[in-house]
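These notes concern the structure reproduced below.
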Amino acid sequence: MANDASTVFDLVILGGGSGGYAAALRGAQLGLDVALIEKNKLGGTCLHNGCIPTKALLHAGEIADQAREAEQFGVKATFEGIDINAVHKYKDDVISGLYKGLQGLVASRKVTYIEGEGRLSSPTSVDVGGRRVQGRHVLLATGSVPKSLPGLEIDGNRIISSDHALTLDRVPKSAIILGGGVIGVEFASAWKSFGTDVTVIEGLKHLVPVEDENSSKLLERAFRKRGIKFNLGTFFDKAEYTADGVKVTLADGKTFEAEVLLVAIGRGPVSAGLGYEEQGVAMDRGYVLVDEYMQTNVPTVSAVGDLVPTLQLAHVGFAEGMLVAERLAGQKVVPIDYDGVPRVTYCHPEVASVGITEAKAKELYGADKVVALKYNLAGNGKSKILKTAGEIKLVQVKDGAVVGVHMVGDRMGEQVGEAQLVYNWEALPAEVAQLIHAHPTQNEALGEAHLALAGKPLHSHD
């Protein structure tokens, strides 16, 4: 065991979130002797404070909306409100089941799991709980925490982070959400479904600003229809308490008041005080710098997940962790194409994409070399049945491959799998068009969009 100074692991992993445990599982599978160190709970942010609990809240909100809107489908139903304690029980039961399964998986792979707060003590060791864990290689995977702004103190009551929002003991009557990215719009969507009066403040000119502008505009249109308010293009100045809530002032002097302020401006890396810089690991603004193989400037140290400046997505962490394990096991590995990673924002309606935006394509290839096509979900039978609106937008290099797929509409996250294959296999529109898609499905809309881009539209206008 790790207490024995003679024990040297092949791989010591600091952090048991998505990137860390994926590396542990894959490394053990490939025959490496692995130690995994985690100070909180195995599964990290994604399982306990991110992906899983937020999607559970969003699904509960979806059920609430369906109850309210049942009559339009010919179903008589009544909506009597949200039992937030029961919602939390449902959410926590989902987490608990996955947590137990993950614990069993790590144990079954014979990974040495060590609970405690670790610190990098040399390029080949981590100190935890008064002992030194030695390894031939160390993987840093300490993740991220919610960020705030200078002078904006998160108190956990009126001014809260996403961590607090996931365990809030009430449905707020009103909420201001600072940040219109993924976290902000997902909470805006869930809270609106629960009955909260929501206002989103985004300093940039669009919601979900890293997405294709067309997707942002479609989401903004849908949010307006749902009664979710937002203020775009002006940055935050200050927040102050009122008699029963919070007042937010923007740089232009405009003010907003609500019961709570959710600070959702992103997540920052957990790296301070963990010995990284002392051991010579190159850093930038708290992030650990790595090459395309997740290798730091220290030969025996790698880093993955939210700790490095790549996409902050759990599935990216999985892929990065597996890449490191395979590299250390002597396998041939291929660097990750981050443009080819599927991205989904699970609000209502969902925003899903893979590849590059139209603007980025024009920047790379020239405006005259880029073709964009929009397929309206109004022409898709299953989307009509579901009463969802939106579009699928394809971005193509003229006479070449599809380099971007951008989708807005309910359940579009379930369609991003095929979109990922289209991008990553550099498919031509005609190659996708010849595939037969099941009818009636929303997946069929992807096929129809490629039919149109290939010059033979079926259920869409020329």
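Keep in mind that the numbers below use all heavy atoms, side chains included, and drop hydrogens, waters and symmetry copies.
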Q: Can you establish whether the number of heavy atoms outside Gln72 located under 6.0 Å from its atom CD is more than 12?
A: yes
Listed pairs under 3.5 Å, donor-acceptor, residues 173-189 side chains, sequence neighbours left out:
from: Ser174; atom 1: OG; to: Glu259; atom 2: N; distance (Å): 2.9
from: Glu186; atom 1: OE1; to: Lys55; atom 2: NZ; distance (Å): 2.9
from: Glu186; atom 1: OE2; to: Lys55; atom 2: NZ; distance (Å): 3.4
from: Glu186; atom 1: OE2; to: Tyr346; atom 2: N; distance (Å): 2.8
from: Ser189; atom 1: OG; to: Arg226; atom 2: NH1; distance (Å): 2.8
from: Ser189; atom 1: OG; to: His348; atom 2: N; distance (Å): 2.9

(Q) For a quick check under 3.5 Å, do Asp65 and Ser193 share a side-chain donor-acceptor pair by atom type? (A) yes
Q) Out of curiosity, Ile160 CD1 to Ile154 CD1, how far, rounded to the nearest 0.5 Å? A) 9.0 Å
Q: Could you tell me which residues satisfy side chain to side chain contact (heavy atoms under 4.5 Å, CB included) with Glu426, sequence neighbours excluded, listed by chain and number?
A: Ala401
Q | Exercise: identify the closest heavy-atom pair between Ala64 and Phe79 | A | CB-CE1, 3.6 Å
Q) Please walk me through it: do His315 and Val341 pass side chain to side chain contact (heavy atoms under 4.5 Å, CB included)? A) CA-CA 8 Å; His315 45 289; Val341 172; 3.6 Å; yes
Q: Going by the side chain to side chain donor-acceptor pair (under 3.5 Å) test, name the single residue among His439, His437, Gln415 that passes it with Glu444.
A: His439
Q: Could you tell me whether the side chain of Gln442 reaches within less than 4.5 Å of the side chain of Leu386, counting heavy atoms only?
A: yes
Q) Does atom CZ of Arg170 have more than 12 heavy-atom neighbours, drawn from other residues, nucleotides or ligands, at distances under 6.0 Å? A) yes
Q: Output the distance between atom OH (Tyr21) and atom CG (Leu36), rounded to the nearest 0.5 Å.
A: 11.0 Å
Q. Ion pair present between Arg411 and Glu414, side-chain N to carboxylate O less than 4.0 angstrom?
A. no
Q: Heavy atoms only: give me the nearest Ser302-Met294 pair and the separation to one decimal.
A: CB-O, 3.1 Å
Q: Start with the C-alpha gap between Tyr241 and Arg158, add the side-chain angles, then the distance that decides, and say whether side chain to side chain contact (heavy atoms under 4.5 Å, CB included) holds.
A: CA-CA 8 Å; Tyr241 295 149; Arg158 297 191 196 184; 3.5 Å; yes
Q. Testing Glu213, Glu211, Glu358 for salt bridge (Lys or Arg N to Asp or Glu O under 4.0 Å) with Lys393, which one passes?
A. Glu358
Q | Side chain Glu220, main chain Leu207, donor-acceptor under 3.5 Å | A | yes
Q: Check whether more than 12 heavy atoms from other residues, nucleotides or ligands sit under 6.0 Å from atom CG of Asp252, and answer yes or no.
A: yes
Q. Where the side chain of His164 meets the backbone of Ser161, is there a donor-acceptor pair that is under 3.5 Å apart?
A. yes
**Q.** More than 12 heavy atoms of other groups within 6.0 Å of Glu69 CD
**A.** yes
Q. Can you find a side-chain donor-acceptor pair between Asp306 and Gln312 that sits under 3.5 Å?
A. no
Q: Write down the atom of Gly50, the atom of Leu166, and the distance for their closest heavy-atom approach.
A: N-CD1, 4.2 Å
Q.
If we ignore hydrogens and angles and just use 3.5 Å, is the side chain of His406 paired with the main-chain N or O of Ile356 as donor and acceptor?
A. yes
Q) Can you check whether Cys51's main-chain N or O pairs, donor with acceptor, with Thr54's side chain at less than 3.5 Å? A) yes
Q | Approximate separation, where rounding is to 0.5 Å, of Ile336 CD1 and Thr310 OG1 | A | 7.5 Å
Q.
Please determine whether side chain to side chain contact (heavy atoms under 4.5 Å, CB included) holds for the pair Asp197 and Lys229, giving the CA-CA distance in whole Å, both sets of side-chain angles, and the decisive distance to 0.1 Å.
A. CA-CA 8 Å; Asp197 181 17; Lys229 294 168 284 191; 2.9 Å; yes
Q.
Could you check whether any side-chain heavy atom of Leu57 comes within less than 4.5 Å of a side-chain heavy atom of Val87, counting everything from C-beta outward?
A. yes
Q.
Going by the rule side chain to side chain contact (heavy atoms under 4.5 Å, CB included), which residues pair with Gln103 if we only count those two or more places apart in sequence or in a different chain?
A. Leu42, Tyr99, Lys100
Q) If you draw a 6.0 Å radius around CZ in Arg68, do more than 12 non-hydrogen atoms from other residues or ligands fall strictly inside? A) yes
**Q.** Donor + acceptor pair across side chains of Glu202, Asn231 (<3.5 Å)
**A.** no
Q: For residues Val403 and Ala361, report the shortest heavy-atom separation together with the two atoms involved.
A: CG2-CB, 4.3 Å
Q) Thr45 side chain to Asn49 main-chain N or O, any donor-acceptor pair under 3.5 Å? A) no
Q. Yes or no on side chain to side chain contact (heavy atoms under 4.5 Å, CB included) for His450 and Tyr375, after CA distance, side-chain angles and deciding distance?
A. CA-CA 9 Å; His450 284 87; Tyr375 177 81; over 6 Å; no
(Q) Just checking Glu326: does its CD atom have more than 12 heavy atoms from other residues, nucleotides or ligands closer to it than 6.0 angstrom? (A) yes
Q: Identify the heavy atoms of Trp191 and Ala165 that sit nearest to each other, and give their distance.
A: CZ2-CB, 3.9 Å
**Q.** More than 12 heavy atoms from other groups under 6.0 Å of CD on Glu431
**A.** yes
Q: List the atom of Ala445, the atom of Ile392, and the distance in Å for their closest heavy-atom pair.
A: CB-CD1, 3.6 Å
Q | Pairwise side-chain contact, Leu218 with Ser215, heavy-atom cut-off 4.5 Å (strictly under) | A | no
Q) Has Arg327 got its NZ or CZ under 6.0 Å from the middle of the six-membered ring of Tyr293, at an angle within 45 degrees of the ring axis? A) no
Q) So, Thr388 side chain and Asp410 main chain: donor-acceptor pair closer than 3.5 Å or not? A) yes
Q) Are any of the side-chain heavy atoms of Val351 and Met412 separated by less than 4.5 Å? A) no
**Q.** Side-chain donor/acceptor of Ser144 to backbone N/O of Arg267, under 3.5 Å
**A.** no
Q) Under 3.5 Å, is there a donor-acceptor pair between the Glu448 and Asn380 side chains? A) no
